[in-house]
Amino acid sequence: MQNLSDPAVIKDILTRHGFTFSKKLGQNFLINPSVCPKIAEMGGAKEGSGIIEIGPGIGVLTHELCQRADKVVAIELDSRLLPILSETLSEHDNLKIINADVMEVDLKNLISEEFPGMSVSVCANLPYYITSPVVMKLLGDRLPIDTVTTMVQREAAERLCAPVGTREAGAVTVAVDFYSEAKKLFNVSRGSFMPSPAVDSAVIQLKLREKTPEVSSEREFFRIVKALFTQRRKTVLNALSGAVGVDKDRARTILSELDISPETRPERLKMDDLIGITESIIKTAGVLDSPA
Ligand code: SAM
């Protein structure tokens with residue numbers, strides 16, 4: 001097995017295959033040898049487990065996953081990497097590579113076809129340009145997975161793992177907290193990648209909740225949360241009557257019934273406050289999700 005963390009080895013492989021990095025696809029490959037074994041071990045790659053990897057690159061993390069898990073399915077968009085992966089990972093017979101955009105893959109179907117009866121987790125060094133959409137897809141599709149362990153930009157890690165109701169939290173934080181328990185595992189410096197990106201990174205882990213908070217309409221809940229966070233530094237009264245579109249008197253009544261000061265900033269609202277606001281609005285407007 002070639003040492004896929006060694007810059008000289010990587011350069012040799014890439015040159016032989018005439019490969020050049022695509023900035024657009026977020027191609028920064030890991031060269032710090034301590035990082036991938038840690039992601040694989042903390043990410044649940046072990047006997048009896050199945051792992052979905054997003055964006056294998058030249059296979060440095062994939063190799064660690066294949067060594068530990070029963071089966072790995074890696075989804076890579078860039079078809080130029082396929083011949084490279086066939087070379088670098090030829091020793092593994094528990095690996096399937098799918099050449100596709102992860103956003104287009106029916107992951108529920110993939111899990112039932114590829115991992116019957118197995119506990120499944122996701123591990124990735126995600127391309128940063130699609131961190132939030134991928135995280136939302138993994139959580140919002142209610143996939144039967146245990147954890148998502150992934151590298152993200154340091155700033156995104158702080159935001160995704162911030163407690164709801166703090167300045168660092170955004171609408172995406174609320175969504176992450178709704179579906180999972182998020183924690184930062186460890187920091188990774190920019191020098192750990194080739195080419196080196198302009199920002200530092202961190203590995204986070206999202207442990208999916210068995211039971212998510214109860215809300216009559218998830219769609220309406222996230223619509224309201226998103227609207228409130230577009231006016232996160234205004235008062236909740238103004239955000240409700242502005243971005244969310246609730247009549248101002250009604251908004252005042254809702255807040256008073258929930259014991260929330262109308263002067264509160266939306267970013268300071270806790271999960272229970274956001275759910276309470278949603279339920280009050282639904283009660284008035286009678287909005288419900290249509291059955292799936
Ligand atoms: N796992 C490798 C590593 O750690 O060295 C590569 C990580 S690199 C940050 C991100 C990888 O995701 C690249 O291989 C890139 O081609 C791939 N990628 C980018 N967009 C993608 C998408 N929409 N679906 C699947 N893979 C994608």
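The chain is numbered in sequence order, starting from 1. Both counts, for ligands and for their atoms, begin at 1 and track the order of listing.
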Proximity of [X] to ligand 1 by residue part, where a heavy atom lies under 4.0 Å:
X: P56; answer: backbone
X: N28; answer: backbone
X: L81; answer: side chain
X: I58; answer: neither
X: Y129; answer: side chain

I'd like to know if [X] and [Y] make a salt bridge, using a cut-off of under 4.0 Å between side-chain N and carboxylate O.
X: E41; Y: K46; answer: no
X: R142; Y: E218; answer: yes
X: D177; Y: R209; answer: yes
X: E64; Y: R68; answer: yes
X: D273; Y: K270; answer: no

Against heavy atoms of [X], which atoms of ligand 1 measure under 4.0 Å?
X: G26; value: 8 (S), 9 (C), 10 (C)
X: A100; value: 24 (N), 25 (C)
X: Q27; value: 13 (C), 15 (C), 16 (O)
X: I75; value: 25 (C), 26 (N)
X: D101; value: 22 (C), 23 (N), 24 (N)
X: E53; value: 1 (N)

Heavy atom of the protein closest to [atom] (residue, atom name, distance):
atom: atom 16 (O) of ligand 1; result: E76 OE2, 2.6 Å
atom: atom 3 (C) of ligand 1; result: N125 ND2, 3.5 Å
atom: atom 19 (C) of ligand 1; result: L25 O, 3.2 Å
atom: atom 18 (N) of ligand 1; result: P127 CG, 3.8 Å
atom: atom 12 (O) of ligand 1; result: G55 CA, 3.2 Å
atom: atom 27 (C) of ligand 1; result: L77 CB, 3.7 Å
atom: atom 24 (N) of ligand 1; result: V102 N, 3.0 Å

N or O contact, L30 vs ligand 1, cut-off under 3.5 Å: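 Between L30 and ligand 1, an N or O pair is found under 3.5 Å apart.
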Test item, M103 contacting ligand 1 (heavy atom, 4.0 angstrom):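 It does not; every heavy atom stays at 4.0 Å or beyond.
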Polar side-chain atom of S180 near backbone of V176 as donor-acceptor pair, under 3.5 Å: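 A pair under 3.5 Å: yes.
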In terms of side-chain heavy atoms, does [X] have a donor or acceptor partner in [Y] at a distance below 3.5 Å?
X: H92; Y: Q67; value: no
X: E257; Y: S280; value: no
X: S49; Y: S119; value: no

Face-on cation placement of K24 at Y129 ring, 6.0 Å and 45° thresholds: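 Pair K24/Y129 does not count as cation-pi.
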Audit row: T62, E53, side-chain hydrogen bond (donor to acceptor under 3.5 Å, both in side chains) steps and yes/no: CA-CA 7 Å; T62 325; E53 187 193 4; 2.6 Å; yes
Greater than 12 external heavy atoms within 6.0 Å of K71's NZ: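 Yes, because the 6.0 Å sphere around NZ of K71 holds more than 12 heavy atoms from other groups.
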